[in-house]
Amino acid sequence: MKQSVKLIAGNWKMNGLGVSLGEVEALGAALAEAPPACRVALCPPATLIERMARVARSGLEIGGQDCRAETHGAFTGDISAEMLRDAGATLVILGHSERRQGHGETDSLVSSKAGAAAAAGLAPIICVGETLEQRQAGRAVEVVRSQIMASLPLVLTGRDFAVAYEPVWAIGTGLTPTLEQIEEVHRAARAAMIERLGLGIAATPILYGGSVKPDNAREILAVAEVGGALVGGASLKSADFLGIVRAA
């Protein structure tokens, strides 16, 4: 990923049908008319990746929401990094809290998936973040640092990737940390990334995610060490997502 440009990535989660491609076409047209100052990506369900890649205009990247660590095999219902790449994806979200909590994904598994994604030519977006209980116990920085140290494989050194800080308690709730709390964790995340992979990744983007909307995006994106946003529900409608993109 280009290091000096913010990345705004939309995570559609389990939303979207063929008719939703109209939102992608509208977004692409708006970006073509007035090119953004940031990189823009959408990560739809796997069923839409190939179709979305076909209608997406230049400047709009398409990604997956997860991948298997293995390249192939008897893994019914799973999808490999190579399959995502073949469908037109250039990046992939890994270790989202909904995968860590709902599917029992460990840091070790996320690390394996990130290595597989990089080997397939995808740029992984590796998610980290604390629960409300961990935040209230004063362990947010500790938790995020631990996740980064264990979820980033050494093979990412010199490769394109991003880290996304998403406080679990802020995802889809309308709640957000204070700007000071966001900065504190992003600075700690940067230090952990450098400790893990060296100074060469000092400018690798750290995205913020968790109830990012057009009306709060500008102030969040202005916080030190915030290199973009991982957007959930607000990425489903082109007008809302475009408002966040324009704030970068």
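Note that the coordinates shown come from a computational prediction; the quantities given were computed from them, not determined experimentally.
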Open item on the list: Using the rule given for side-chain contact (heavy atoms from CB on, under 4.5 Å), can you reason through Val92 versus Cys43, listing the C-alpha separation, both sets of side-chain angles and the distance that settles it, and then say yes or no?
Closed with: CA-CA 7 Å; Val92 60; Cys43 299; over 6 Å; no
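- Side chains of Arg135 and Val185 form a contact here, defined as non-hydrogen atoms less than 4.5 Å apart.
- Cluster membership for Leu94 and Met149, using ILVMFWY side-chain heavy atoms within less than 4.5 angstrom, is not shared.
- No more than 12 heavy atoms of other residues, nucleotides or ligands lie within 6.0 Å of NE2 in His72, so this atom counts as exposed by the packing criterion.
- Applying the side-chain hydrogen bond (donor to acceptor under 3.5 Å, both in side chains) test to pairs two or more places apart or on separate chains, none has a residue in residues 209-220.
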Task: Step-by-step salt bridge (Lys or Arg N to Asp or Glu O under 4.0 Å) determination, Glu105 to Arg100 - done: CA-CA 4 Å; Glu105 294 196 0; Arg100 290 178 184 265; over 6 Å; no
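- No side-chain heavy atom of Cys67 sits under 4.5 Å from any side-chain heavy atom of Ser80.
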Open item on the list: Set out, in order, the CA-CA distance, both residues' side-chain angles and the distance that settles salt bridge (Lys or Arg N to Asp or Glu O under 4.0 Å) for Glu195 and Arg145, then state yes or no.
Closed with: CA-CA 10 Å; Glu195 181 179 348; Arg145 182 185 183 282; 2.7 Å; yes
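- Heavy-atom minimum distance, Ala114 versus Ser151: CB-O, 4.4 Å.
- With rounding to the nearest 0.5 Å, the separation of CG in Asp160 from OG1 in Thr90 is 10.0 Å.
- No continuous path of ILVMFWY side-chain contacts below 4.5 Å connects Ile171 to Val144, so the two sit in separate hydrophobic clusters.
- Judged by distance alone, with hydrogens and angles left aside, the side-chain atoms of Trp12 form a donor-acceptor pair with the main-chain N or O of Ser235 at under 3.5 Å.
- No hydrogens or angles considered: a donor-acceptor pair under 3.5 Å links the side chains of Glu166 and His96.
- In the model, Glu225 has no side-chain atom that pairs as donor or acceptor with a side-chain atom of Tyr208 under 3.5 Å.
- Put simply, the side chain of Gln65 gets close to the backbone of Lys13: a donor and an acceptor are under 3.5 Å apart.
- Inspection of the Trp169 and Glu130 side chains reveals an N or O donor paired with an N or O acceptor under 3.5 Å.
- When all heavy atoms are compared, the tightest approach of Leu207 to Gly227 is CD2-O, 3.7 Å.
- Taking each heavy atom of Ala89 and Gly64 in turn, the nearest pair found is CB-N, 4.2 Å.
- Using a 4.5 Å cut-off on side-chain heavy atoms (C-beta onward), Phe241 and Leu27 make contact.
- Not a single donor-acceptor pair under 3.5 Å links the side chain of Gln136 to the backbone N or O of Glu133.
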TODO: Could you walk me through whether Glu82 and Thr71 pass the side chain to side chain donor-acceptor pair (under 3.5 Å) test, one step at a time?
DONE: CA-CA 7 Å; Glu82 287 82 358; Thr71 59; 5.2 Å; no
Open item on the list: Determine whether Val223 and His186 satisfy the following criterion, side-chain contact (heavy atoms from CB on, under 4.5 Å), listing intermediate values before the conclusion.
Closed with: CA-CA 9 Å; Val223 172; His186 275 245; 5.9 Å; no
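- Residues Asp86 and Glu50 fail the side-chain proximity criterion, which asks for heavy atoms closer than 4.5 Å.
- Transitive grouping of hydrophobic side chains (ILVMFWY, heavy atoms separated by less than 4.5 Å) keeps Val168 and Val163 in distinct clusters.
- Counting heavy atoms from C-beta outward, Tyr165 and Leu230 have side chains that stay 4.5 Å or more apart.
- With contacts defined as side-chain heavy-atom distances shorter than 4.5 Å, the pair Ile194/Ile201 qualifies.
- Smallest separation of non-hydrogen atoms from Ala81 and Leu122: O-CD1, 3.5 Å.
- When all heavy atoms are compared, the tightest approach of Val40 to Pro36 is CG2-CG, 4.0 Å.
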Task: Leu156 vs Ile126, side-chain contact (heavy atoms from CB on, under 4.5 Å): CA-CA, chis, key distance, verdict - done: CA-CA 11 Å; Leu156 289 182; Ile126 301 167; 3.6 Å; yes
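- If you take CZ on Arg196 and OG1 on Thr157, they are separated by 8.0 Å, rounding to the nearest 0.5 Å.
- A distance of 7.5 Å separates NZ of Lys237 from OG of Ser20, quoted to the nearest 0.5 Å.
- Contact detail for Ser238 and Glu23: the closest heavy-atom pair is N-OE1, 2.8 Å.
- In the hydrophobic clustering of ILVMFWY residues, with side-chain heavy atoms under 4.5 Å counting as a link, Val245 and Val55 come out together.
- Side-chain atoms of Arg85 come within 3.5 Å of backbone N or O of Gly121 as a donor-acceptor pair.
- Within the 4.5 Å cutoff, the side chain of Ile182 has no heavy atoms near those of the Thr176 side chain.
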Task: Trace of the side-chain contact (heavy atoms from CB on, under 4.5 Å) decision for Ile8 with Leu221 - done: CA-CA 10 Å; Ile8 308 298; Leu221 291 169; 4.1 Å; yes
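- Between Gln147 and Val143 there is a side-chain heavy-atom pair separated by less than 4.5 Å.
- Taking CG of Leu91 as the start and CG of Leu84 as the end, the distance is 10.0 Å to the nearest 0.5 Å.
- The structure places CG of Asp78 at 8.5 Å from CD of Glu70, a figure rounded to the nearest 0.5 Å.
- Side chain of Gln134 to main chain of Thr131: a donor-acceptor pair is present (N/O by atom type, distance under 3.5 Å, no hydrogens or angles).
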- [ ] Go through Arg139 and Glu142 one step at a time and tell me if the salt bridge (Lys or Arg N to Asp or Glu O under 4.0 Å) criterion holds.
- [x] CA-CA 5 Å; Arg139 299 182 57 230; Glu142 171 195 341; 3.1 Å; yes
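- Rounded to the nearest 0.5 Å, atoms CE (Met14) and CD (Glu98) are 10.5 Å apart.
- Clustering ILVMFWY residues whenever any of their side-chain heavy atoms sit less than 4.5 angstrom apart, transitively, puts Ile79 in a cluster other than the one holding Leu109.
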